[in-house]
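Each chain gets a letter, A, B and so on, in the order the sequences are listed, and its residues count up from 1.
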There are 2 protein chains.
Amino acid sequence: MVNYNRRLDATFAALADPTRRAILMALMRGQSTVSELARPHRMSLPAVMKHLGVLQRAGLVSQKKIGRSRRCRLVARPLKNAEAWISQYRAFWEKQFDSLDRYLTESDK
Amino acid sequence: MVNYNRRLDATFAALADPTRRAILMALMRGQSTVSELARPHRMSLPAVMKHLGVLQRAGLVSQKKIGRSRRCRLVARPLKNAEAWISQYRAFWEKQFDSLDRYLTESDK
DNA sequence: ATATTAGTAAACCGTATGGTTAACTATAAT
DNA sequence: ATTATAGTTAACCATACGGTTTACTAATAT
């Protein structure tokens, strides 16, 4: 019954952390190295590296070692898939924003 | 720097589990009770209840007790917010699907 | 009144998550 | 050759997650 989609699991799990979302935001403004990505965060470098590992395993970040530093870039494809999954519900949330349904929702309380 | 958004955390975390996504799918087809939702899943009722608790705390499901059973319904608003967050990257993934960028991505390997 | 059904609560378990510090490797700069 | 920089690895810790079983309450049906 459950339609296993590990990739979607990994994508949503990766997005569930504010540090990781901030890293993706930073990467949207261009490629970065690990320490550039770490700088704004009040946590150790290894902690940031773990977040990068999660993002990489989710396929949201690709890395290439260049000399002693490491260039990270955003890979947006999994985001497209996540958005496609959520969009299945668009008709639903649009419906739920009309006043009749707001009334029905209130009746839950 | 990190823009804390606990609601988004909770939404994405809730979506990161296949059982919970299946429950939302079931609820898209209409309201259900706890045991109706549990039936297709090969796990105990308390396990399903925990998933429902996660969905409820994320604001994705509302419940109303009716007699001895409990009616669950989908609340789509958090999905709209999640989709809005992801959509920030749409320009990015559309850009990344043209062939030049596919070439650049390959150069990561 | 009793038995069944629907749901809840509590205790427990193994594993994952999100962080730390300390020690290390590899490259670059002086 | 030495030092500094960029990143990595390992060990550890507390808490959360996803499941279990067992025992319970509350409502309904007979």
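Within the 4.5 Å cutoff, the side chain of B/Thr33 has no heavy atoms near those of the B/Arg71 side chain. Between B/Met28 and A/Phe92, some side-chain heavy-atom pair lies under the 4.5 Å cut-off.
Rounded to the nearest 0.5 angstrom, B/Arg70 CZ and B/Lys65 NZ are separated by 5.5 Å. Distance CG/B/Leu52 to CG/B/Leu27: 7.5 Å, rounded to 0.5 Å.
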Could you list the donor-acceptor pairs under 3.5 angstrom formed by side chains in residues 84-91 of chain A, with sequence neighbours left out?
from, atom 1, to, atom 2, distance (Å)
A/Trp85, NE1, A/Gln88, OE1, 3.4
A/Ser87, OG, A/Glu83, O, 2.7
A/Ser87, OG, B/Glu83, OE2, 3.1
A/Tyr89, OH, B/Met25, N, 3.2
A/Arg90, NH2, B/Glu83, OE2, 2.2

> How does protein reach along nucleotides 25-30 of chain D, written 5' to 3' as B (base within reach of a heavy atom under 4.0 Å), S (only sugar-phosphate), or - (no contact)?
Replying inline: --BS--
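Near DNA chain D, defined here as any heavy-atom distance below 4.0 Å, there are no residues from residues 51-58 of chain A.
Residues satisfying the side chain to side chain contact (heavy atoms under 4.5 Å, CB included) test with B/Gln56, not counting sequence neighbours, are B/Gln63. With sequence neighbours excluded, the residues satisfying side chain to side chain contact (heavy atoms under 4.5 Å, CB included) with B/Ala14 are B/Arg20, B/Val54, B/Leu55, B/Ala58, B/Leu60. Applying the side chain to side chain contact (heavy atoms under 4.5 Å, CB included) rule to A/Ala16 yields the partners B/Phe12, B/Ala13; only residues at least two apart in sequence or on another chain are considered.
The distance between atom CG of A/Leu45 and atom P of C/dC24, rounded to the nearest whole Å, is 18 Å. B/Arg42 has its CZ atom 13 Å from the C1' atom of D/dG19, to the nearest Å. The nearest whole Å value for the distance from the NE2 atom in B/His41 to the C1' atom in D/dG18 is 14 Å. The CG-C1' distance, from A/Asp9 to C/dT17, rounds to 15 Å in whole Å. Distance A/Leu37 CG to D/dG7 C1': 13 Å, rounded to the nearest Å. Atom-to-atom, CZ of A/Arg70 to P of C/dA28 comes out at 14 Å; the value is rounded to the nearest Å. If you measure from atom CD of A/Gln63 to atom P of D/dA6, you get 16 Å, rounded to the nearest angstrom. Summarising the geometry, the separation between CE on A/Met49 and C1' on C/dT25 is reported as 12 Å, rounded to the nearest angstrom.
In the set C/dA9, C/dT21, D/dG7, C/dT21 carries the atom at the smallest distance from any side-chain atom of A/Ser44. Taking the side chain of A/Pro46 as heavy atoms from C-beta on, and the options C/dG7, D/dT9, D/dG19, the nearest nucleotide is D/dT9. Here D/dG7 is the nucleotide among C/dT20, D/dT21, D/dG7 with the atom lying nearest to any side-chain atom of A/Ser35.
The shortest non-hydrogen separation linking B/Val48 to B/Met43 is CG2-CG, 3.8 Å.
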Polar atoms only, N or O, under 3.5 Å: list the protein pairs with nucleotides 11-13 of chain D and their distances.
none

>> Walk me through whether A/Leu45 and A/Val34 qualify under side chain to side chain contact (heavy atoms under 4.5 Å, CB included).
In response: CA-CA 8 Å; A/Leu45 201 55; A/Val34 173; 4.1 Å; yes
>> If you apply the rule side chain to side chain contact (heavy atoms under 4.5 Å, CB included), what do you find for A/Leu15 with B/Thr11, and how did you get there?
In response: CA-CA 9 Å; A/Leu15 296 182; B/Thr11 304; over 6 Å; no
